[in-house]
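Report on the structure given below.
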Amino acid sequence: MMIKTFVAIALSFCFFILKGQEKLYYVMSADSTKVGVRDEKGTIVIPLLYPVYQDYDLNTPIEEPLIEFIGVMEQEDYDKDSPAFAVATVYNRKGQLLYYPQFFDNGSDYWSEGLRRYVEKGKIGFVDFLGNRITAANWGFAVPFNYGYATVYEGKMKKQYEAGGEHWTVIPADEHVKEYLINKNGVRVEPLKTKQHAKDYRYDGEYYPNPFQYNKEEQAILNRLSRYETAITLLFKLSSYQYEYEPLQLEIVEKPNHSLPYYVIEAYDDQRRLDDYEILFDEKTDNFFISRWSSRTELVPLDEMLMSSIQDDLQRDPDYIKPETRKLAEEEWLKLKATPK
């Protein structure tokens with residue numbers, strides 16, 4: 001039953017993206033070393049320029065609204081010591097180049113609260129899921145968004161390598177660098193003189209205004225979700241060794257748009273965003289879903305994911321979970337099982 005539901009939701013989401021759009025397909029060079037994109041007629045939409053770093057299904061239509069390849073074919077000259085550098089290229093379905101994602105770990109920057117970093121002329125800005133540049137590339141470096149804010153550095157930054165030369169951290173290149181926080185509009189935000197709201201953001205010993213403001217409809221969504229508060233916390237935290245229950249903070253970070261018809265809710269632990277799962281609410285069907293790792297293409301009904309996850313974690317060694325936490329988890333599982341579908 002769960003598998004059938006899961007597949008149906010995944011396919012309906014893909015249909016939503018593809019509806020009204022021309023079918024596109026990946027295409028490879030004759031020697032299978034380069035990949036690009038073609039349309040149904042065989043016309044090349046994105047040139048075959050990019051190295052083949054993964055398996056590509058050449059016969060199944062591309063579902064995503066944007067297309068990303070590892071590699072930057074027209075990369076500008078950049079300072080090798082600068083932490084702002086791109087590793088991939090993102091196109092829209094018309095083959096128009098949109099932006100170059102910032103490097104992170106061993107690949108492209110990850111999504112955080114619906115935004116990610118991009119690079120232009122050696123500086124960093126932010127884009128959304130549709131490829132819109134939410135901010136200009138104004139900063140020598142920037143940290144991904146958390147709790148409605150991003151830390152940015154105005155001025156020249158550089159890599160500082162650890163012993164061995166493989167790993168590095170980011171430090172100012174000179175004393176003129178300015179560090180401050182911006183909101184999701186890219187506007188610099190000054191700290192408050194005193195704390196004014198329970199949800200004000202604590203950063204570096206100061207407080208910044210509560211970034212989460214809701215209308216009646218949005219607040220109603222969160223109120224409905226509160227009945228799952230304990231189970232959602234266990235979804236994120238029960239797998240942690242000897243976890244002692246403390247509720248997480250749930251906040252809406254994105255609203256529906258023409259590419260994603262869902263409200264996106266994130267979980268925060270002491271104002272730190274947890275990125276294992278996202279909760280999505282579909283106001284048309286009045287249902288909550290779970291997405292792993294911001295994939296947003298395979299959605300599982302919230303109650304099914306909660307039941308499955310809690311049940312799996314309860315199979316752990318008895319010494320792994322505190323007795324009081326285990327009892328709480330067992331009670332939540334029974335509540336979910338008894339909830340009418």
Side-chain angles (χ1 to χ4, degrees), residues 110-117 125-136 138-139 142-152 179-233 235-236 246-291 294 296 299 302:
Y110 62 93
W111 294 97
S112 183
E113 300 185 357
L115 302 176
R116 80 193 305 196
R117 297 169 292 180
F126 289 89
V127 296
D128 65 14
F129 267 106
L130 302 180
N132 299 313
R133 299 189 179 202
I134 301 304
T135 76
N138 291 328
W139 302 286
V143 177
F145 273 89
N146 175 72
Y147 208 82
Y149 293 100
T151 305
V152 298
E179 174 187 348
Y180 52 88
L181 300 188
I182 61 169
N183 61 23
K184 285 191 170 182
N185 295 317
V187 177
R188 178 173 180 169
V189 181
E190 299 296 337
L192 301 168
K193 293 182 178 179
T194 59
K195 183 178 180 180
Q196 298 178 3
H197 191 280
K199 291 185 180 180
D200 285 347
Y201 182 44
R202 302 185 307 277
Y203 179 80
D204 200 21
E206 297 181 294
Y207 287 96
Y208 292 79
N210 167 30
F212 304 113
Q213 308 294 330
Y214 306 117
N215 58 33
K216 290 182 179 180
E217 291 76 14
E218 293 162 353
Q219 187 60 55
I221 293 171
L222 290 176
N223 291 345
R224 286 184 53 196
L225 198 59
S226 64
R227 64 185 284 237
Y228 294 106
E229 179 183 85
T230 302
I232 290 172
T233 297
L235 170 71
F236 281 90
E246 185 174 346
L248 298 177
Q249 179 180 342
L250 303 176
E251 303 290 351
I252 296 173
V253 298
E254 294 181 68
K255 301 177 183 181
N257 58 58
H258 72 269
S259 178
L260 185 76
Y262 305 106
Y263 287 92
V264 180
I265 297 125
E266 302 270 20
Y268 295 86
D269 184 6
D270 193 25
Q271 300 190 331
R272 179 177 61 86
R273 188 182 72 90
L274 304 179
D275 59 6
D276 303 69
Y277 305 95
E278 289 180 329
I279 301 168
L280 288 81
F281 176 71
D282 184 350
E283 59 184 342
K284 291 184 178 180
T285 64
D286 203 37
N287 290 316
F288 289 98
F289 302 100
I290 285 283
S291 168
S294 301
R296 301 185 178 183
L299 310 182
L302 176 63

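At a threshold of 4.5 Å between non-hydrogen side-chain atoms, the residues Val189 and Pro209 count as touching. At least one side-chain heavy atom of Pro256 sits under 4.5 Å from a side-chain heavy atom of Tyr263. Using a 4.5 Å cut-off on side-chain heavy atoms (C-beta onward), Val264 and Ile252 make no contact. Residues Glu246 and Thr233 are not in side-chain contact: their nearest non-hydrogen atoms beyond the backbone lie 4.5 Å or more apart. Here the side chains of Val152 and Asn138 are not in contact, with every heavy-atom distance at 4.5 Å or above. The closest side-chain heavy-atom distance from Ile182 to Trp139 is below 4.5 Å.
Here the side chain of Asp269 pairs no donor or acceptor atom with the backbone of Arg272 at under 3.5 angstrom. Of the possible polar contacts, one joining the Arg117 side chain to the Ala142 backbone as a donor-acceptor pair under 3.5 Å is found. The closest donor-acceptor contact from the side chain of Asp200 to the backbone of Gln196 lies under 3.5 Å. Of the possible donor and acceptor atoms, one in the side chain of Asn146 sits under 3.5 Å from a partner among the backbone N and O of Gln271. Under the 3.5 Å distance criterion, the side-chain polar atoms of Lys184 are left unmatched by any main-chain donor or acceptor of Gly114. In this structure a side-chain-to-backbone donor-acceptor pair under 3.5 Å is missing from Glu266 to Glu278. When atom types are taken as modelled, the side chain of Glu218 and the backbone of Asn215 share a donor-acceptor pair closer than 3.5 angstrom.
For Phe126 and Phe145, the distance between ring centers is under 6.0 angstrom.
Qualifying side chain to side chain donor-acceptor pair (under 3.5 Å) partners for Thr135, counting only residues two or more places apart in sequence or in other chains: none. Applying the side chain to side chain donor-acceptor pair (under 3.5 Å) rule to Arg188 yields the partners Glu190; only residues at least two apart in sequence or on another chain are considered. In this structure, the side chain to side chain contact (heavy atoms under 4.5 Å, CB included) partners of Glu251, at least two apart in sequence or on a different chain, are Lys199, Phe212, Tyr214, Leu222, Gln249, Tyr268. By the side chain to side chain donor-acceptor pair (under 3.5 Å) test, Thr230 pairs with Tyr245, sequence neighbours left out. Every residue was checked against the salt bridge (Lys or Arg N to Asp or Glu O under 4.0 Å) condition with Asp204, not counting sequence neighbours, and none meets it. Residues passing the side chain to side chain donor-acceptor pair (under 3.5 Å) test with Thr285 are Asp282, Asn287, sequence neighbours excluded.
Of the residues listed (Leu280, Val253, Ile232, Ile221), the one engaging Ile265 in a side chain to side chain contact (heavy atoms under 4.5 Å, CB included) is Ile221, and it is the only one. With Ile290 as reference, Ile279 is the one residue of Ile279, Asp276, Leu299 to meet the side chain to side chain contact (heavy atoms under 4.5 Å, CB included) rule.
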Steps toward side chain to side chain donor-acceptor pair (under 3.5 Å) verdict (Asn223, Gln219): CA-CA 6 Å; Asn223 291 345; Gln219 187 60 55; 3.0 Å; yes
- request: Evaluate side-chain contact (heavy atoms from CB on, under 4.5 Å) for Leu260 paired with Phe129, printing each intermediate quantity in order.
  value: CA-CA 9 Å; Leu260 185 76; Phe129 267 106; 5.7 Å; no
query: Given the rule in the side-chain contact (heavy atoms from CB on, under 4.5 Å) test, do Tyr208 and Tyr203 qualify, once you have shown the distances and angles that lead to the verdict?
result: CA-CA 8 Å; Tyr208 292 79; Tyr203 179 80; 4.0 Å; yes
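Between Tyr262 and Phe289, the angle of the ring planes goes over 60°, which puts this pair in the perpendicular group of the 30/60° scheme. Classification of the Phe288-Phe281 ring pair by plane angle, with boundaries at 30° and 60°, yields tilted.
Closest heavy-atom contact between Pro144 and Ser112: CB-CB, 4.1 Å. Nearest heavy-atom pair, Glu179 versus Thr151, reported as atom, atom and distance to 0.1 Å: OE2-CG2, 3.6 Å. When every heavy atom of Val127 is checked against every heavy atom of Trp111, the shortest pair comes out as O-CZ3, 3.7 Å.
The CG atom of Asn185 sits 5.0 Å away from the CG atom of Asn183 when rounded to the nearest 0.5 Å. Atom CG of Leu225 and atom CG of Leu250 lie 5.5 Å apart (nearest 0.5 Å).
The pair Asp286-Arg224 meets the salt-bridge criterion, since a charged nitrogen lies less than 4.0 angstrom from a carboxylate oxygen.
The neighbour count for Lys255 NZ, taken as heavy atoms of other residues, nucleotides or ligands under 6.0 Å away, does not exceed 12.
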